[in-house]
Amino acid sequence: MTSQHESAPALPEKHYLSGAWSPQDWLLTKDHKRIGILYLVGISIFFALGGLMAVLIRMELATPSGDLMPADVYNRVFTMHGVLMVFFFLIPSIPAVLGNFLLPIMIGAKDLAFPKINLLSWYIYMIGGAMTFYGLLVGGIDTGWTFYTPLSSGYATGPVLTVAVGVFIAGFSSILTGLNFIVTIHRMRAPGLTWFRLPLFVWGHYATSIIQILGTPVVAITILLVGAERLFHIGVFDPKIGGDPILFQHLFWFYSHPAVYIMILPSMGVVSEIIAAFSRKKVFGYKFVAFASIGIAVLGFLVWGHHMFTSGQSLYAGAVFSFITMLVAVPSAIKVFNWTATLYKGAIAWDTPLLYALGFIGLFTIGGLTGVMLGTLGFDLHVHDTYFVVAHFHYVMVGGAILGFLGGLHYWWPKITGKLYNEFWSKISAGIIFIGFNLTFFPQFILGYLGMPRRYHSYPEEFQVLNILSSAGASILGIGFVIPVIYLLASLANKRYAGNNPWGAVGLEWQIPSPPPTENFETPPVVTDEPYTYPQPDEKEAPVGV
Amino acid sequence: MSVHVAPLKTYIYVFLALMFFTVLTVGVAFVNFAHHAPKGIGNVLNDAVAMSIALTKAVLVVAFFMHVKGSTKITPVVIWGTLIFMVILFVFTGADYLTRPMTTFVPVMSQ
Amino acid sequence: MSENSTLAHHFDSYAQQKESASLGMWVFISQEIMFFGGLFLAYTIYRWRFPEAFAYSSNELDIGLGLFNTIVLIGSSLTMALAVRNAALGEKNGTVRNLILTMLLGSVFLVVKGFEYAHKWQHHLIPGPNFQFSGPDPVHAQLFFVLYFSMTGLHALHMIVGLGILAWLTAQAAKGRFTPENHNYVEGVGLYWHFVDIIWIFLFPLLYLFGRHHLT
Amino acid sequence: MTPNTPIFPQGASTYSTEVDILFYVYLGLAAFFTVAIFGLVTVFAVKYRRKKATDVGVEPQGHATVIEVTWTVLPLILMLGAAIWGLKIYVQQLTPPPNAKEYYVVGKQWMWKIEHPDGRREINELHVPKGEDIKLKMTSEDVIHSFFIPAFRIKVDAVPGRYNTMWFNAAKTGTYHLFCAEYCGVDHARMIGRVVVMEPHEYQEWLSGTKVRAATATGEELFVAKACNTCHRPDSSARAPILNGIFGKEVALLGGKTIVADDEYIRESILNPGAKVVSGYQPIMPTFKGQLSEEEIIQLIKYVRSLSPGADKGVPKTASLAFSSSAEAHP
Ligand code: HEA
Ligand code: HEA
Ligand code: CUA
Ligand SMILES: [Cu+2]
């Protein structure tokens with residue numbers, strides 16, 4: 001990226017970061033942009049914690065015998081890894097950081113509809129996080145992130161209640177964010193910004209919000225019931241009084257399957273933006289991609305039973321869930337194909353965000369295809385609860401969602417901070433992450449097919465070679481994740497300003513200064529164009545690329 | 001802006017209707033509809049009647065007390081949307097229970 | 001749900017602000033419905049599986065108190081609706097009066113509920129080691145009472161929160177904060193209160209009335 | 001079918017081969033799509049690389065709906081095909097052949113307790129004869145476990161409060177892994193064991209070679225020891241129904257319903273007698289909850305079943321095809 005030849009852009013005089021910096025100016029801010037930054041701090045902490053747990057997991061699994069830590073410590077480690085990564089990192093990652101920051105700007109609004117609630121949701125998130133962190137400090141819990149009863153309600157040791165309540169609380173942060181987004185998208189769009197002129201990023205978040213509103217409360221009440229059962233030693237799922245543990249699984253997955261789309265849909269939105277910007281083309285099949293988001297959100301609510309094929313769920317229910325699982329893969333396929341088609345005859349600039357987006361497409365495809373395999377009844381009977389599943393979901397969550405998040409972070413970093421990061425290191429680290437990731441998780445597919453169960457602290461010796469590969473990959477991957485932290489932070493001290501539109505991208509967010517002023521727009525914008533309309537070749541436009 | 005203010009008596013009528021249905025639902029709870037219905041559906045008939053009455057009451061509250069009639073187009077969409085997902089939750093979970101034999105079974109639990 | 005009683009800086013008009021507040025409240029209620037939905041589902045499944053246990057357990061509840069409370073709560077819904085109407089008409093005194101009535105009725109409901117709980121306690125109907133049930137199938141009867149306490153407890157919790165908000169709202173109304181143009185808070189709280197009422201409209205037949213016909 | 005290399009698991013049942021074939025087909029499909037997507041993305045990214053800073057992409061001409069529909073429908077057909085195939089295999093796994101030998105499995109933190117049809121018990125080991133249909137009926141005494149034999153490509157959860165079943169027909173002798181696949185607490189990773197497949201005659205020898213004397217009493221002894229026989233007496237002064245011949249028959253219950261006396265029903269009658277009272281009797285039977293272990297219950301059930309000779313093999317089908325015992329459809 002070499003956009004610095006024109007009159008060197010200067011930092012605007014007044015912007016959302018230039019205001020007062022006393023603690024209450026941040027901690028009581030109602031500016032969606034500052035709240036986005038607060039969230040960024042929050043999720044980074046939890047990602048680092050979760051990553052630390054991942055490192056411990058991989059160290060333990062380097063040898064077959066459970067020699068590094070006792071079994072119950074290992075169990076706590078992977079449980080906390082899952083809980084932190086899912087509820088405190090990945091679910092809020094893109095919506096609460098990038099969505100918060102960009103969604104109002106992209107639709108030409110001054111803020112989200114309910115700024116106070118937005119701030120409240122951050123506090124709720126942090127309180128939930130603090131409780132969970134406290135739970136971690138006093139030893140962590142060993143229920144698995146899925147909290148299956150009766151293990152979680154009666155048998156597991158540790159501060160299950162604390163962590164469960166932490167997750168319960170954090171759930172409401174997610175709900176409130178979704179609520180805010182829905183109202184904002186419905187009510188705050190700039191004049192002329194019709195639904196089909198919305199960036200796909202906004203569509204992705206709209207779909208995500210639907211899931212947050214309709215799914216999260218169900219898991220909240222479920223977790224509450226588990227907590228009550230633990231507290232009073234008798235409860236709704238308790239088999240001793242005729243309660244059915246499988247009902248817990250229904251309720252849990254009613255949320256937790258759609259929740260995986262909370263993780264991926266925003267990421268898909270980011271990828272759509274990046275692909276369009278870096279190939280300077282309208283996203284191919286814009287409407288198909290937009291509706292695919294909604295399709296995923298709705299169909300995503302109809303497939304949860306594919307996590308329960310071995311549980312004793314009825315055959316008929318299993319068959320229905322399996323078939324609809326195939327249906328839900330279709331909108332994802334539509335997106336993948338449309339992104340690929342967008343690249344066709346584009347003018348593609350190999351900047352770091354694009355590298356992440358391409359990585360996303362490839363790795364999400366692998367993750368998704370293995371998901372389809374898992375959705376196939378006869379096959380799942382073998383690989384359920386083995387490392388095949390672990391590999392599947394890391395491919396979609398790390399290879400998919402996180403790469404999307406990193407891509408978005410790099411893409412909008414100049415907008416958020418007004419600074420450019422180091423181009424060289426960013427490309428190097430993207431490469432390291434790609435290699436490390438595949439080395440970590442590809443061997444796990446094989447392990448799973450060989451039959452290595454997940455959540456195993458020790459394992460038979462014949463699995464060791466693949467496990468060593470995986471552990472080696474994880475250390476590479478870990479390095480790959482640390483480098484961006486360094487150069488992104490370093491860029492803040494950078495004297496080079498990014499300018500309003502370093503990528504030559506279209507979209508409302510690129511028409512305002514970087515970093516944006518507190519009110520976003522001096523004059524309310526009026527939208528007259530379709531999204532992603534790139535000017536035709538001969539017009540001399542923003543100089544970027546190569 | 002005080003456009004959608006309904007007359008006082010609307011509220012009173014709705015309240016009276018709600019009272020009527022409340023008393024009705026208590027009354028019919030003691031009638032065994034199974035005696036008057038073909039075997040098979042008889043068992044669920046009482047439940048169906050009670051739930052229909054409750055639904056009617058809910059609709060009254062939503063329509064008049066909560067002013068859905070005077071509100072924007074999107075409100076019914078939100079309500080119907082939510083109900084659809086509730087139905088999904090019930091139907092799919094119910095489908096599992098209805099199609100697997102559920103003989104009750106109290107396990108011996110060690111602990 | 002609205003941000004402010006005056007026009008907030010990020011809105012262009014009162015209409016936009018009002019519509020946002022209303023949509024926000026509805027989406028919130030949508031969330032609440034799903035929240036209770038989990039419990040209703042559990043109830044449905046278990047009642048279907050253990051009809052006898054549930055019928056006999058249901059008969060332990062006091063239908064008279066249930067009916068009384070239903071009337072009280074619907075009455076409070078009426079006063080709440082009237083309070084909203086008053087606010088829309090700019091009738092400050094009427095608003096305050098009806099809000100106070102709403103709180104009063106809400107409190108009556110909770111007090112009666114408290115007596116019911118105490119009664120269950122005396123009759124050893126609290127699930128757990130001391131649970132005693134003379135009817136058939138005492139094991140599954142416990143399941144009914146677990147659900148009874150979860151559902152009514154959560155409902156009561158919503159009412160307690162509602163009462164707190166109502167107290168605050170009444171104070172605001174007394175200060176004359178609400179105008180015909182902008183009384184979004186009153187409307188929002190009204191929606192919430194009616195929602196709580198609707199939950200009870202379903203809880204009452206489900207918990208108190210089902211299975212009565214078997215046993216008469 | 002599967003070579004015994006570190007990359008491919010051992011396959012040792014008739015069923016494992018079918019899963020493998022499905023897997024290989026899937027692998028081909030997945031490889032195709034992965035290579036196609038990766039390939040196209042890379043080719044485009046290289047070929048259409050931005051040359052000048054002012055380059056913009058070329059928008060396609062004409063309608064794209066045909067393309068969109070094609071790449072929506074084609075994958076869908078492929079996937080639905082695979083889903084049907086998977087369903088076929090699954091149905092097969094959920095429908096044990098009628099004459100399968102019945103083994104009982106009880107999961108408990110953190111061990112597997114297994115009982116052979118002849119009453120022999122083992123812990124964490126399962127010896128089975130080759131080439132015979134083996135049915136495992138399982139439950140759990142505490143949390144959910146999952147009985148997983150990778151070489152047979154099957155696992156089924158052992159859930160407290162219900163019986164799930166799995167079946168297999170081992171095709172090769174040998175020793176195979178047995179894992180607990182559902183996370184069940186501290187020593188989940190140690191809840192492992194072996195499945196030993198033997199030639200039928202070896203199995204017979206093995207059975208006779210070891211003393212069968214069970215750790216706990218047999219069902220008949222329990223029936224006396226727990227004083228069941230004081231009420232369930234085959235004479236006219238009995239206060240309780242005679243249990244001879246009830247298994248597999250319909251029983252009339254108080255309240256007008258009927259129920260087929262299957263394992264679950266007998267089990268419930270013992271543990272929660274009040275739940276379903278036989279019409280014409282007083283609900284005086286005490287609960288034996290807390291006085292019997294899961295294994296003892298199985299003994300009692302087997303004993304009650306043995307009182308109905310002939311009925312043992314053919315539990316009538318009740319509601320539907322599913323995991324539970326009462327659902328084994330018989331052709
Ligand atoms: C971001 C998170 C995310 C995403 C997006 C997905 C997406 C999908 N998942 Fe995944 N999944 C998880 C996270 C995710 N999953 C997690 C965390 C678990 C484990 C939970 C636990 O137990 O701890 C899990 C577990 C899981 C299971 C249960 C496995 C088991 O426990 O036995 C199943 C089974 O059906 C499944 C299926 C799918 C499917 C079909 C998709 C689909 O949406 C994928 C669709 C995408 C594609 C199909 C790729 C693109 C398409 C093409 C390139 C077209 C060509 C395709 C074909 C012709 C097929 N997932
Ligand atoms: C978003 C979700 C997410 C993410 C990102 C990850 C990331 C990783 N996961 Fe995780 N994983 C889960 C979600 C996730 N996982 C879930 C849900 C489970 C199931 C849990 C359960 O069974 O209950 C699981 C389980 C799981 C297992 C299986 C454990 C078992 O079953 O026994 C393994 C094993 O290899 C593993 C490994 C890894 C590795 C190596 C990474 C790596 O990608 C991590 C690499 C990251 C780092 C090494 C950190 C880098 C450090 C920094 C960036 C610090 C600097 C930052 C600041 C100072 C701000 N994970
Ligand atoms: Cu038993 Cu895991
Ligand atoms: Cu899923």
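All values reported here derive from a predicted model rather than from experimental measurement. A, B, ... follow the sequence lines: proteins, then strands. Residue 1 opens every chain.
Between A:Asp244 and B:Tyr97, the closest heavy-atom pair is OD2-OH, 2.7 Å. A pairwise comparison of heavy atoms in B:Arg100 and A:Ser314 identifies CB-CB, 3.5 Å as the closest pair. When all heavy atoms of B:Phe85 and A:Leu214 are compared, the pair lying nearest together is CD1-CD1, 3.2 Å.
In this structure, A:Asp380 has no salt bridge (charged side-chain N to carboxylate O under 4.0 Å, His left out) partners at least two apart in sequence or on a different chain. When the side chain to side chain contact (heavy atoms under 4.5 Å, CB included) test is applied to A:Phe196, the partners found at least two apart in sequence or on another chain are A:Trp203, A:Tyr286, A:Lys287, A:Phe291. Residues passing the side chain to side chain contact (heavy atoms under 4.5 Å, CB included) test with A:Asn118 are A:His32, A:Ile35, A:Asn100, A:Leu112, A:Ser121, A:Asn180, sequence neighbours excluded.
Of the atoms belonging to A:Ile182, not a single heavy atom falls under 4.5 Å from chain B. With a 4.5 angstrom heavy-atom cutoff, A:Ile213 does not touch chain B via any of its atoms.
Residue A:Tyr316 holds its OH atom at 12.5 Å from CG of B:Leu98, rounded to the nearest 0.5 Å.
Using a 4.5 Å heavy-atom threshold, the side chains of B:Thr99 and A:Leu315 count as separate.
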Stepwise side chain to side chain contact (heavy atoms under 4.5 Å, CB included) test for A:Arg187 and B:Ile74: CA-CA 11 Å; A:Arg187 293 281 178 255; B:Ile74 191 74; 3.1 Å; yes
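For residues 298-308 of chain A, heavy-atom neighbours of chain B at less than 4.5 Å comprise A:Val298, A:Phe301, A:Leu302, A:Trp304, sorted by residue number.
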